[in-house]
Amino acid sequence: MKKVIKNYLAKLQENDKKGFSLVELIIVMAIMAILVGVVASQVLPYMDKSRQSKDQQVLSSICTDLVSATAQSGKDLKEVNEQDISATGWGSGSGDADWATVETIYAGLQTSGQLVAYNKLGLKSKEAKKKTAVKFDYDATTGEISVYLDGHKDEDADSSKYIVYSSSK
């Protein structure tokens with residue numbers, strides 16, 4: 001009988017050792033946290049580049065549609081500087097009937113049938129989100145169109161990410 005009790009107690013002690021201790025679990029969680037931190041630091045720059053690439057693609061699409069609209073209008077257009085394209089009525093608001101025609105054609109070229117809103121762009125900084133417009137310039141002598149985000153007209157490195165030209169510069 002004594003032998004049976006000893007065997008029973010030995011089996012109970014074996015069963016108690018089948019789990020992880022709290023210290024072991026904390027160590028594993030700490031290692032996982034360190035790995036997540038390393039991976040996140042490697043992935044975040046690519047997310048920013050992806051966001052910028054998407055914004056450049058949207059601006060390029062706007063520029064292509066503007067070039068097409070100016071070509072389809074067949075009008076001899078006047079030079080335009082810092083025209084806000086994200087608001088409706090930019091052609092008629094300028095008092096120029098030729099640009100009003102371009103705006104009508106441009107709006108028809110947009111896939112949604114509406115002008116592209118600035119909030120569709122992926123800018124993440126608070127300063128950038130305060131800016132409310134996508135603007136464009138038209139050079140009447142060369143026919144070049146540049147589309148840019150409000151506040152990014154300068155040629156510095158940060159602004160150049162948010163400027164698209166209709167022809168190579």
Side-chain angles (χ1 to χ4, degrees), residues 29 31-169:
M29 289 174 48
I31 291 170
M32 289 177 65
I34 291 169
L35 289 174
V36 165
V38 169
V39 169
S41 68
Q42 297 297 317
V43 169
L44 287 177
Y46 292 108
M47 291 176 63
D48 289 339
K49 285 181 182 180
S50 170
R51 201 175 281 122
Q52 287 174 357
S53 177
K54 178 188 172 246
D55 292 346
Q56 286 176 334
Q57 186 178 16
V58 169
L59 291 174
S60 180
S61 172
I62 292 170
C63 188
T64 301
D65 288 346
L66 269 174
V67 168
S68 181
T70 56
Q72 288 180 27
S73 73
K75 307 284 184 178
D76 194 20
L77 301 168
K78 296 178 185 172
E79 190 162 307
V80 172
N81 289 313
E82 297 186 24
Q83 180 59 56
D84 184 355
I85 199 167
S86 57
T88 56
W90 50 267
S92 58
S94 67
D96 189 349
D98 293 342
W99 277 107
T101 303
V102 171
E103 180 188 13
T104 304
I105 296 169
Y106 170 77
L109 291 172
Q110 293 295 294
T111 55
S112 63
Q114 298 175 354
L115 300 177
V116 175
Y118 180 80
N119 60 9
K120 300 283 187 208
L121 298 170
L123 298 174
K124 70 175 190 171
S125 71
K126 289 181 183 179
E127 295 81 26
K129 287 186 177 183
K130 286 180 186 177
K131 299 184 184 342
T132 57
V134 175
K135 294 190 174 185
F136 77 94
D137 295 341
Y138 175 76
D139 186 348
T141 56
T142 63
E144 181 180 74
I145 296 176
S146 59
V147 177
Y148 54 92
L149 299 183
D150 190 16
H152 290 280
K153 188 175 178 182
D154 300 327
E155 292 289 337
D156 63 3
D158 186 47
S159 291
S160 66
K161 299 171 189 169
Y162 300 105
I163 301 173
V164 176
Y165 298 97
S166 63
S167 61
S168 60
K169 247 190 136 177

Residues passing the side-chain hydrogen bond (donor to acceptor under 3.5 Å, both in side chains) test with Gln72, sequence neighbours excluded, are Ser68

Listed by chain and number, what are the side-chain contact (heavy atoms from CB on, under 4.5 Å) partners of [X], not counting sequence neighbours?
| X | result |
| --- | --- |
| Ala71 | none |
| Thr70 | Leu77, Trp99, Val102, Ile145 |
| Val39 | Val43 |
| Thr141 | Asp139 |

Show me the donor-acceptor pairs, under 3.5 Å and distance only, between side chains in residues 57-64 and residues at least two apart or in other chains.
| residue | atom | partner | partner atom | Å |
| --- | --- | --- | --- | --- |
| Thr64 | OG1 | Ser60 | O | 2.9 |

Exercise for review: Applying side-chain contact (heavy atoms from CB on, under 4.5 Å), run through Tyr138 and Leu66 and close with a yes or a no.
Suggested key: CA-CA 10 Å; Tyr138 175 76; Leu66 269 174; over 6 Å; no

Nearest heavy-atom contact between Lys78 and Ala140 is C-CB, 4.3 Å

Of all heavy-atom pairs linking Gly143 and Ser166, the shortest is O-OG, 4.1 Å

Q) Would Phe136 and Val134 satisfy side-chain contact (heavy atoms from CB on, under 4.5 Å), going step by step from the backbone distance to the final call? A) CA-CA 7 Å; Phe136 77 94; Val134 175; over 6 Å; no

So OG1 of Thr142 and CD of Glu79: to nearest 0.5 Å the spacing works out to 8.0 Å

